[in-house]
Participant: 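Have a look at this one.
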There are 2 protein chains.
Amino acid sequence: MSNDRATQLEDALREAGVRITRQRAALLAVLAACDDHPDAAELHRRAEAAGAGVSLATVYRTLTTLQAQGVIDKLEFQGEPARWEPADQQHHDHMIDVETGQVIEFTNDRIERLQAEVAAEMGYEIVHHRLELYVRRRTRR
Amino acid sequence: MSNDRATQLEDALREAGVRITRQRAALLAVLAACDDHPDAAELHRRAEAAGAGVSLATVYRTLTTLQAQGVIDKLEFQGEPARWEPADQQHHDHMIDVETGQVIEFTNDRIERLQAEVAAEMGYEIVHHRLELYVRRRTRR
DNA sequence: TTCACTGCAAACACTTTGCAGAATA
DNA sequence: TATTCTGCAAAGTGTTTGCAGTGAA
């Protein structure tokens, strides 16, 4: 029988020359359990809560490493500390509810296409982009 | 004869209860002369170069004040210190050439409209948004 | 048995702030 | 004259790093 998802990921990382230490395994577990977009301090808190014993410096170093391996993506919203999300999903952009701080993911192919067109028209190709809608719940009129 | 643009702006600020000090006048002049997107340190440098004698702390405080007055906008690109631009222009988004760091402004009504639609579909209205295309000059194939 | 990784604490980059004196309106 | 503003230096926040020791492979 084959490995589970987490083990597969660890194997892949090992193959890339990344050592799976106790701390990294703990952080991978914390990240896998996320359905939100935590920052480094929050990930550190969750790892501690799970009894992991990881220093904050290691959290930062691990996040950088995992990003370099394409395992997670870094989100930098306005003035906040950087947040992180698993990278294995399909591309999407973010809406941030300015009242609650909640982050909602969305995609829109037409917007994506238009972005590429705009860039192309000016002689550029897009390396990556960032689209954030800072929104408020609509009030009935 | 009417005041020039700069003086009009100063009057408007004064009316809003903002005192026009030597330092603020100097910074307003530096900002008016900008056709790029400088950060606080760069604005400080330019003010110094103009012989203004302004402390960096005052540059930061002034930028905050001018932003609150709607005179300038704050731009926060990836990992860089915040940059600033005059707010009196029409809305636009930014392309950042990842090779040169150059910032190019652009607008696209269709993208704007689609953003509003996406938000509306999910029951939100947009407070503000941020669209940045990190691009590279197109190589001929 | 290597060599990547870790914790610690110090350093870092950018920005904000408390205070006492200076300057605007 | 009443505040608002300024400079200075110190503090703050989020993040990175040097070093000596630890542990994965």
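To find a chain, count down the sequence lines: A is the first, B the second, and so on, and within it residues start at 1.
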Participant: Going by the salt bridge (charged side-chain N to carboxylate O under 4.0 Å, His left out) test, which pairs reach into residues 111-123 of chain A, not counting sequence neighbours?
Facilitator: A/E117-B/R110

Participant: Find the distance B/E10:CD to C/dT24:C1' and express it as a whole number of Å.
Facilitator: 13 Å

Participant: Give the angle between the helix axes at the two ends of the helix from C/dT1-D/dA25 to C/dC14-D/dG12, taking five base pairs at each end and rounding to 10°.
Facilitator: 30°

Participant: Linking I/L/V/M/F/W/Y whenever their side-chain heavy atoms sit closer than 4.5 Å, directly or via other members, would A/I104 and A/I96 fall into one cluster?
Facilitator: no

Participant: Rounding to an integer number of Å, can you tell me how far B/L43 CG sits from C/dC14 C1'?
Facilitator: 14 Å

Participant: Which residue pairs pass the ring-ring contact (aromatic ring centres under 6.0 Å, His included) test with at least one member in residues 98-123 of chain A, sequence neighbours excluded?
Facilitator: none

Participant: Among B/E132, B/Q115, B/R130, find the one that has a side chain to side chain contact (heavy atoms under 4.5 Å, CB included) with A/L131.
Facilitator: B/Q115

Participant: List, with names and distances, any nitrogen or oxygen atoms from the protein found under 3.5 Å away from nitrogen or oxygen atoms belonging to nucleotides 22-25 of chain D.
Facilitator:
residue : atom : partner : partner atom : Å
D/dG23  : N2   : A/R19   : NH1          : 2.7
D/dA24  : N3   : A/R19   : NH1          : 3.4
D/dA25  : OP1  : A/R14   : NH1          : 3.0
D/dA25  : OP1  : A/I20   : N            : 3.3

Participant: Using the salt bridge (Lys or Arg N to Asp or Glu O under 4.0 Å) criterion, which residues pair with A/D35? Sequence neighbours excluded.
Facilitator: none

Participant: Mind checking what makes salt bridge (Lys or Arg N to Asp or Glu O under 4.0 Å) contact with A/R22, not counting sequence neighbours?
Facilitator: none

Participant: Under the salt bridge (Lys or Arg N to Asp or Glu O under 4.0 Å) test, which residues partner B/E10, sequence neighbours left out?
Facilitator: B/R14

Participant: Any side-chain heavy atom of B/L66 sitting closer than 4.5 Å to one from B/L13?
Facilitator: yes

Participant: With respect to B/Q23, which candidate in B/V59, B/L28, B/V54 satisfies the side chain to side chain contact (heavy atoms under 4.5 Å, CB included) definition?
Facilitator: B/V54

Participant: Strictly by salt bridge (charged side-chain N to carboxylate O under 4.0 Å, His left out), give each pair with a member in residues 57-74 of chain A just once, sequence neighbours left out.
Facilitator: none

Participant: List in numerical order all residues of residues 26-42 of chain B for which some heavy atom is under 4.0 Å away from an atom belonging to DNA chain D.
Facilitator: none

Participant: In chain order, what residues pass the salt bridge (Lys or Arg N to Asp or Glu O under 4.0 Å) check against A/E99, with sequence neighbours excluded?
Facilitator: A/R136

Participant: Minimum heavy-atom separation for A/I20 and A/A25, please, with both atom names.
Facilitator: CG2-CB, 4.1 Å

Participant: Among residues 60-86 of chain A, which contact DNA chain D at a heavy-atom distance under 4.0 Å?
Facilitator: A/Y60, A/R61, A/P81, A/A82

Participant: In whole Å, what is the span from the CG atom of B/L56 to the C1' atom of C/dC14?
Facilitator: 9 Å

Participant: Rounded to whole angstroms, how far apart are CD on B/Q23 and P on D/dC8?
Facilitator: 11 Å

Participant: With respect to the phosphate group of D/dG7, does any side-chain polar atom (N or O) of B/T58 fall under 4.0 Å of OP1 or OP2?
Facilitator: yes

Participant: Strictly by ring-ring contact (aromatic ring centres under 6.0 Å, His included), give each pair with a member in residues 71-100 of chain A just once, sequence neighbours left out.
Facilitator: A/H37-A/H94, A/F77-A/H94, A/H91-A/H129, A/H92-A/H94

